[in-house]
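First up is the structure itself, then whatever we jot down about it.
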Amino acid sequence: MRNVHARYVKEKYDSKGRLCTYEMITPEDFNFAYDVVDDIAVNDPSRRALVWCNESGNSETFSFSDIKKLSDKAANYFISLGIKKGDPVMIILKSRPHFWYVLMGLHKIGAIAIPATFMLKKHDAEYRIRSASVAAVVCINCNDLPDTFDSAEDIPTLKCKILLGGKREGWGDLDEGINNASDVFKRVPISVRDPMLMYFSSGTTGMPKMVLHDNTYSIGHIFTAKHWHNVDPDGLHYTIADTGWAKVAWGKIYGQWFMETAIFAYDYDRFIPDDVLDVISKNNVTSLCCPPTMFRMFLNDGDVKGHDLSSLKHTTVAGEALNPDIYDKWYEATGLKLMEGFGQTETTVVICNFNGMNPRPGSMGKPSPQYVIDLLDADGNSCPAGVTGEIVIGIDPKPAGLMIEYYREPERTAAIMRGKWMHTGDVAWKDEDGYIWYVSRNDDIIKSSGYRIGPFEIESVLAHHPAVKESAVTGVPDEIRGQLVKATIVLKDGYEPSDELKKNIQNYVKKETAPYKYPRVVEFVSTLPKTISGKIKRADIRKGDDK
């Protein structure tokens, strides 16, 4: 082991071995691909980096040396196509192994990688390309994605399209291009403060926000892997998430490779609990992280006790509030505690049950020593124990792991970064021992099956349906998914509520935007509750659902 991570953090422990201070070191020329992946590749070339398999039974293991070679070839291929430092490049590769070495290749160039879901539709693709001035897209041939990008309109910045899986006019061939490229790549000068990664994160008052991170973001995830995921450097860590989501940056790349832990990737089209439990068992996965929804499905729809999960040593959960009942049932079935954590696309893990803590079921844990955390009331005062307040993060100075900004949206950035605090929009309270308990968002974000869904996106699609006069989208509680998307709809004259119309509207949303956003619940009403200024009162709709 190289103990690469030890160069970038200074830690202090108390007399009982508990972590009490944590300081990150951010060298001016730091770049994750060169200084972590390539360092391990040169000095411990055979160390496992990635274990991949799919539902068809195919499997492949990549060493750090393999990742270095393939990412060098990818970097050379991208440069040959005119992709350069600072160019925004969208990556849609599901869980193919290509994702990891393509991402590292972009890091080596200094391009801004934009991972995205394979469920994008034309409307989603156009918005993202225009908003971020995307220069290139690296895309898997599935879900009609090539057609989606070829049909996109008013996207003059998109100069280069690269396809994985088949040949297509106007597209480069990813495998062919990488195979034919040189595996010798000279380091490109890059600053630790240069942007490297961007995610589109759903909002409630507009289209998705562009969350921009610099090279310090990867250093911020050392804590994620070491102290929350508790990864074993000689083990295998599995975070269940599609590569289009920020959860992958938390659990399938940076912190884990800093700790020299191999990442497990299971490439599937549909989540089947017993199949996932089976690959965990067969591949001797040692640490696991996924949303509460998936643990519910393991327990309710899978045969947890029928699988040998003895290799598992640590399990973590994030993405939604954890029901204590799921905690208890998982512990009873496996003997493992679910160590909950909290953070956002804008951050690394901020609050969690980290090593050495005894979790309290339902609590997110305690603040990470990586951040300064407080709970503030509406007047900006720190909340005492038992009093609900907004979770805020200290930004004076701004710690590594926190976003640079909402790209090209200074007003939106200033709205949450005010004075010495970044306002998360999440509300919680703390108990007398400092454990923090989640309450809700202070806006209208919907959290369903680990997805963050902004109502505005769905409402903007519904507005184009010929039968919809106006709509309000909210979340309703659900035992399995945490929340379901609900559309409360006022119909235009000439249309009458019916099951057929409901289905038609649902299918329309599935067609026009990512299918996971469609409203599983549809209610037709004559009017929507509004303020004097005409703003829809979503809170009143939610109160009606709670009755």
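Count residues from 1 along the sequence. Values reported hereafter were calculated over all heavy atoms of this structure, with side chains retained and with hydrogens, waters and symmetry mates removed.
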Exercise. In terms of side-chain geometry, is the basic nitrogen of E11 or K226 positioned less than 4.0 Å from the acidic oxygen of its partner?
Worked result: yes
Exercise. Taking the six-membered ring of F200, is the NZ or CZ of R128 close enough (under 6.0 Å from the centre) and on axis enough (within 45°)?
Worked result: yes
Exercise. Any Lys/Arg nitrogen of D39 or K68 sitting under 4.0 Å from an Asp/Glu carboxylate oxygen of the other?
Worked result: no
Exercise. Is there side-chain contact between W100 and W257, with at least one heavy-atom pair below 4.5 Å?
Worked result: yes
Exercise. Parallel, tilted or perpendicular for H221 and Y254, by the 30°/60° rule?
Worked result: parallel
Problem set entry | Salt-bridge present (R96, D267; N to O < 4.0 Å) | yes
For this session: Check whether any side-chain heavy atom of C53 sits under 4.5 Å from a side-chain heavy atom of F264, and report yes or no.
Result: yes
Exercise. Is the closest basic N to carboxylate O distance between R168 and D150 below 4.0 Å?
Worked result: yes
Exercise. Where do M196 and Y217 come nearest, in terms of heavy atoms and distance?
Worked result: CE-CD2, 4.3 Å
Exercise. Heavy-atom count around K282 NZ within 6.0 Å, excluding the residue itself: above 12?
Worked result: no
Problem set entry | Note: K108-D72 ion pair, threshold 4.0 Å (strictly below) | yes
For this session: Would you mind checking if D44 and R2 are paired as a salt bridge, meaning a charged N to carboxylate O distance below 4.0 Å?
Result: no
Exercise. Should the pair Y101 and F62 be assigned to parallel (<30°), tilted (30 to 60°) or perpendicular (>60°) ring geometry?
Worked result: tilted
Exercise. Is the shortest heavy-atom distance from the side chain of V9 to the side chain of F223 under 4.5 Å?
Worked result: no
For this session: Show the numbers, then the answer: is there a ring-ring contact (aromatic ring centres under 6.0 Å, His included) between F271 and F298?
Result: CA-CA 10 Å; F271 180 82; F298 286 143; 5.7 Å; yes
For this session: Say whether D308 and S310, considering side chains only, have a donor N or O and an acceptor N or O under 3.5 Å apart.
Result: yes
For this session: Hey, can you tell me if Y268 and Y266 have their rings parallel, tilted or perpendicular (30° and 60° cut-offs)?
Result: tilted
Exercise. Hey, is R7 close enough to D35 for a salt bridge, meaning N to O under 4.0 Å?
Worked result: no
For this session: Side-chain contact test, heavy atoms from C-beta onward, threshold under 4.5 Å: evaluate it for Y34 versus V36 and give yes or no.
Result: no
Exercise. Short question: side chain of D274, backbone of G302 - any donor-acceptor pair under 3.5 Å?
Worked result: no
For this session: Give the minimum heavy-atom separation between A136 and I83, together with the two atoms involved.
Result: CB-CD1, 3.8 Å
Problem set entry | Y77 and I162, any side-chain heavy atoms less than 4.5 Å apart | yes
Exercise. With distance as the sole criterion, is a donor-acceptor pair present between the side chains of D232 and H314 under 3.5 Å?
Worked result: no
Problem set entry | Charged N-O contact under 4.0 Å between K122 and E153 | yes
Exercise. Does NZ belonging to K510 count more than 12 external heavy atoms closer than 6.0 Å?
Worked result: yes
For this session: Kindly check if the number of other-residue, nucleotide or ligand heavy atoms within 6.0 Å of NZ (K398) is above 12?
Result: yes
For this session: In plain terms, say whether D214 and R193 are close enough for a salt bridge, that is, a side-chain N and a carboxylate O under 4.0 Å apart.
Result: yes
Problem set entry | Non-hydrogen side-chain atoms of V42 and F64 separated by less than 4.5 Å | no
Exercise. Between E23 and K12, does at least one N-O distance fall below 4.0 Å, as a salt bridge requires?
Worked result: no
Exercise. Is the shortest distance from a Lys or Arg side-chain nitrogen in K69 or D66 to a carboxylate oxygen in the other one below 4.0 Å?
Worked result: no
